[in-house]
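A quick note: this is a predicted structure, and the numbers were derived from the prediction, not measured. In what follows, chains carry the letters A, B, and so on, assigned in the order in which the sequence lines appear, proteins first and then strands, with residues in each chain numbered from 1.
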There are 2 protein chains.
Amino acid sequence: MSTVHQEHGTEERILAAARRVFIRKGMAGARMQEVADEAGINKALLHYYFRDKQRLFEGVFKGSADQQFSCIWNSFTDSPDLFDAIERFVAAYMERMLEDPLLPLFIAQEMNRDPEGLRAFIDRGESSRQRFLRLVEEARTKGSIIDIEPRELLVNMMALCAHPFVARPMLTHIHGMNDEAFRRMILKRRKTVPEFIIRSIRA
Amino acid sequence: MSTVHQEHGTEERILAAARRVFIRKGMAGARMQEVADEAGINKALLHYYFRDKQRLFEGVFKGSADQQFSCIWNSFTDSPDLFDAIERFVAAYMERMLEDPLLPLFIAQEMNRDPEGLRAFIDRGESSRQRFLRLVEEARTKGSIIDIEPRELLVNMMALCAHPFVARPMLTHIHGMNDEAFRRMILKRRKTVPEFIIRSIRA
DNA sequence: CGCAATATTAACCATTTGGTTAAAGCAACC
DNA sequence: GGTTGCTTTAACCAAATGGTTAATATTGCG
């Protein structure tokens, strides 16, 4: 934003409201009026701060993607031990996503709707990702883990972390869980998922 | 459908077209006109066969949910060996989803949009699910696998199967894959995922 | 204060979109 | 051939929706 906007916190209020609405309903299902209502302002003011729906969405998506990607990676920035890194990553992911359980599904949904346009937003944690892959590669050559492709391990780890959030409505229904039970399940997984992974890869 | 509809395959054509559009765009993003175009018919004819968007959607969702749930479970109906059951399930899931890679995300998306209303549609594979859980429980008491909660193992297995499809746009971008490379990755996982799981749970 | 710039709103507009209607095709059947 | 009942269509409609405009309120400042 090059414009000055010497505002009264309004832009932040709008963004926060938009975030809630977009994450709940998705770009296609979200309504500008609903965002305005949730922010407690006039609809025209949305267009004053963010020219159109697309730009408002991008403002929201950028922050959300950062939250899911770069933010998480920083959790294990300087861990030299792979097992320790895995534990930290999983714990950071679970705890962070418990605050916004719809985030993983939202990201997946929107990336699927407009891969070309949103591609740029998810490149943030790239360096940390590379570091993780190297950590796996080292452990592999060192022989402290079995022979597994680093990328594959990463995908598996992400899968075990993200899926319960993506599939939450199914899980809660099938297992007859309420929100609190879901939360407990995630907190349990914070412990069991790293164990599950490490059991599988330990040499 | 209690009405007779002595049609010319039109209802099926509509459903197939609706399926493609809804799965691609989701309920909120799909347009009745687009479905009509894709089916090569007039928009009013949609409402002749399926009264409104909601019912057309339900027609699509019912079939899709069956495909993802009950259909898969039948793969290992009568396998008495847990490890064998896991291998079969994963293989069936991967192969089936390769035909409709957007299906898992679609189901998750819509279940999140309207959990109450769609809840009923996902109860299909319940008996097979129970059988799987019992198989795990047996193996656990028998001591052929480590001490793991059956439900947890099931969630992990589903996670490892479904996540690559849900996160496909991210994966293909980050790893610089095209559709064919994605397909190869899934086919590789058909082998490595069961191995990953079994390594982790084998006593 | 008074003025300029920014912030906010109510009313309005054009387009999109789900859905309807009434008429036209078209098949079978007498 | 015409009548009857299902199928298909073009034209139409009302509501919803993204976006604009012009006027009003508010703030900072000389």
Whether A:Phe61 and A:Phe121 hold their rings parallel, tilted or perpendicular, with breakpoints at 30° and 60°: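 Geometry flag for A:Phe121 against A:Phe61: perpendicular rings.
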Please find the pair of heavy atoms, one from B:Pro169 and one from A:Met111, that lie closest to each other, and give the distance.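 In this case the closest contact between B:Pro169 and A:Met111 is CB-O, 3.6 Å.
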Partner of B:Glu95 under salt bridge (Lys or Arg N to Asp or Glu O under 4.0 Å), chosen from B:Arg183, B:Arg88, B:Arg190, B:Arg189: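 So, applying the salt bridge (Lys or Arg N to Asp or Glu O under 4.0 Å) to B:Glu95 and each of B:Arg183, B:Arg88, B:Arg190, B:Arg189, only B:Arg190 qualifies.
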Heavy-atom check, side chain of A:Asn178 versus side chain of A:Thr172, under 4.5 Å: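 Not touching, per the 4.5 Å side-chain cut-off.
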Can you figure out which of C:dG19, D:dT7, C:dT6 approaches the side chain of A:Tyr48 most closely? C:dT6
Name the closest nucleotide to the B:Leu45 side chain, picking from C:dT8, D:dT9, D:dG18.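 Of the options given, the side chain of B:Leu45 lies nearest D:dT9.
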Give the rounded distance in Å between these two atoms: [atom1] of [X] and [atom2] of [N].
X	N	atom1	atom2	value
A:His47	C:dA7	NE2	P	17 Å
A:Leu46	C:dT9	CG	P	10 Å
B:Gln54	C:dT17	CD	P	18 Å
B:Met27	C:dG18	CE	C1'	10 Å
A:Tyr49	D:dG19	OH	P	18 Å
A:Asp52	C:dT16	CG	P	15 Å
A:Phe50	D:dG19	CZ	C1'	16 Å

Whether B:Lys53 side chain and B:Met27 backbone form a donor-acceptor pair below 3.5 Å: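 Yes: the side chain of B:Lys53 pairs with the backbone of B:Met27.
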Looking at A:Phe196, is its backbone amide N or carbonyl O close enough to the side chain of B:Ser200 to form a donor-acceptor pair, meaning the two atoms are under 3.5 Å apart?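 Side chain of B:Ser200 to backbone of A:Phe196, a donor-acceptor pair under 3.5 Å: yes, one is there.
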Close aromatic pair by centroid cut-off 6.0 Å: B:Phe165 and B:Phe106: no
With a 6.0 Å cut-off on the ring centroids, do B:Phe22 and B:Phe57 count as close? yes
Quick one: bend of the helix from C:dC1-D:dG30 to C:dC30-D:dG1 from 5 pairs per end, to 10°?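 What I find for the helix from C:dC1-D:dG30 to C:dC30-D:dG1 is an axis angle of 10°.
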With a 4.0 Å cutoff (strictly under), does any side-chain N or O of A:Thr10 reach OP1 or OP2 of C:dT8? yes
Among residues 31-44 of chain A, which residues get a heavy atom nearer than 4.0 Å to DNA chain D? A:Arg31, A:Met32, A:Lys43, A:Ala44
Would you say A:Gln68 and A:Arg124 are linked by a side-chain donor-acceptor pair, where the criterion is simply a distance under 3.5 Å? no
